[in-house]
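Below is one structure, written out as structure tokens; the observations come after it.
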Amino acid sequence: MILLTGATGTVGRLVAQRLPAAEPVRLLSRDPARAAALAGPHTEVVGGDFEDSASLRRALTGVRSALLVTTNPLTHAHDENFLTAARDAGVRHVVKLTTLSVTEPDATDLVTEWQRENERLLRASGLSWTLLRPRAFMSNTLGWARSIRAEGVVRGANGTVETAAIDPRDIADVAVRALTDPAGHAGRAYALTGPAAITPVEQTEILGELLQRPLKFVELTEDQVLQSLLARCPEPVARALVESAARGRHGSKGQAEPDVAELLGRPARGYREWAAEQLTEFTGPTAE
């Protein structure tokens, strides 16, 4: 049995879709009804919460390999609780989604430090492990969809800063390999990026070409970005994200790595390929 956390999130959902049809899979979710939409013929859905150790123990019983995705950078308890329950249940291998910035000494923001400690907890757990360290997701640009539909405008920061953003499908493809072949990926940490660096202005141009309409990129100030983040994130997290973005202006996020191509036996997907398959997201009704 393979267990997936974060099954309704960006990467977990894609992993659930890509696991072999005959592979028994269990989805752990705080919202089982929502996760049930992802369930296949050999998939079961269980309710649980990272703060409920008993629910974790129940979910992990009979599991040999698990995908661990946690999202609250204000606590390490979620990772600690999961790893304790996994060890007690006899889980053999954990594939952990983290971030490539943990490898960069000058990255000291809250979110990066949180992931560094999560990685340390996993390595110290006694469990076999694989670390997936992606750069920014190409799918983050879905946040532009509403203003593109309504105004033909993209608003963002660091318009000319290069980032080797990755298609989440490539992350999921690597995760499937690590989950289904633990011995072949044990003790490995993978740097997951797209095939080349790209700027938000270039992404906007690609979307405009595919949509066959002119799009304008409007540069936001750091304070405007912070105010937008504060509307949906706790202040420490919002400030950490702004700090990370500022560090990127020095070119720290533009290096493309070979791991995806080497692991999958094909090139990493580029932004144009990702965007071409997501166009309906940018052309729907403006009302939300």
No-hydrogen, no-angle side-chain donor-acceptor test under 3.5 Å, [X] and [Y]:
| X | Y | value |
| --- | --- | --- |
| K253 | S244 | yes |
| S101 | T112 | yes |
| K216 | T204 | no |
| H93 | S128 | yes |

Can you find a pair of side-chain heavy atoms, one from [X] and one from [Y], that are under 4.5 Å apart?
| X | Y | value |
| --- | --- | --- |
| T163 | Q255 | no |
| K96 | T70 | yes |
| R146 | E151 | no |
| L179 | L67 | yes |
| L263 | H185 | yes |
| L19 | L4 | yes |

Looking at [Y] and [X], is there a salt bridge between them, counting it only when a charged N and a carboxylate O are closer than 4.0 Å?
| X | Y | value |
| --- | --- | --- |
| E119 | R133 | yes |
| E262 | R188 | no |
| R30 | D52 | no |
| R57 | D88 | no |
| R135 | E104 | yes |

Measure the spacing between [atom1] of [X] and [atom2] of [Y] and express it to the nearest 0.5 Å.
| X | Y | atom1 | atom2 | answer |
| --- | --- | --- | --- | --- |
| S65 | L3 | OG | CG | 9.5 Å |
| R272 | M138 | CZ | CE | 12.0 Å |
| L68 | N118 | CG | CG | 7.5 Å |
| R213 | L207 | CZ | CG | 10.5 Å |
| D79 | E117 | CG | CD | 9.0 Å |
| L110 | Q115 | CG | CD | 10.5 Å |

*Run the numbers on E235 and R239 for salt bridge (Lys or Arg N to Asp or Glu O under 4.0 Å), then give the verdict.*
CA-CA 6 Å; E235 182 174 354; R239 293 192 179 280; 2.8 Å; yes
*Show your reasoning for whether side chain to side chain contact (heavy atoms under 4.5 Å, CB included) applies to D109 and W114.*
CA-CA 9 Å; D109 62 89; W114 169 70; over 6 Å; no
How far apart are the closest heavy atoms of [X] and [Y], and which atoms are they?
| X | Y | answer |
| --- | --- | --- |
| A136 | N140 | CB-ND2, 4.2 Å |
| R116 | V102 | NE-O, 3.1 Å |
| L122 | L131 | CD2-CD2, 3.9 Å |

*Answer yes or no: is there a donor N or O on one side and an acceptor on the other, between the side chain of R269 and the main chain of P195, under 3.5 Å?*
no
*Where the side chain of N158 meets the backbone of A245, is there a donor-acceptor pair that is under 3.5 Å apart?*
yes
*More than 12 heavy atoms of other groups within 6.0 Å of R92 CZ*: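 It does not: R92 CZ has 12 such atoms or fewer within range.
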*For the residue pair F50 and H78, does the interplanar ring angle fall in the parallel (under 30°), tilted (30 to 60°) or perpendicular (over 60°) class?*
parallel
*asked:* When you group the ILVMFWY residues by side-chain heavy-atom contacts below 4.5 Å and let the links chain together, are I2 and L132 in the same group?
replied: yes
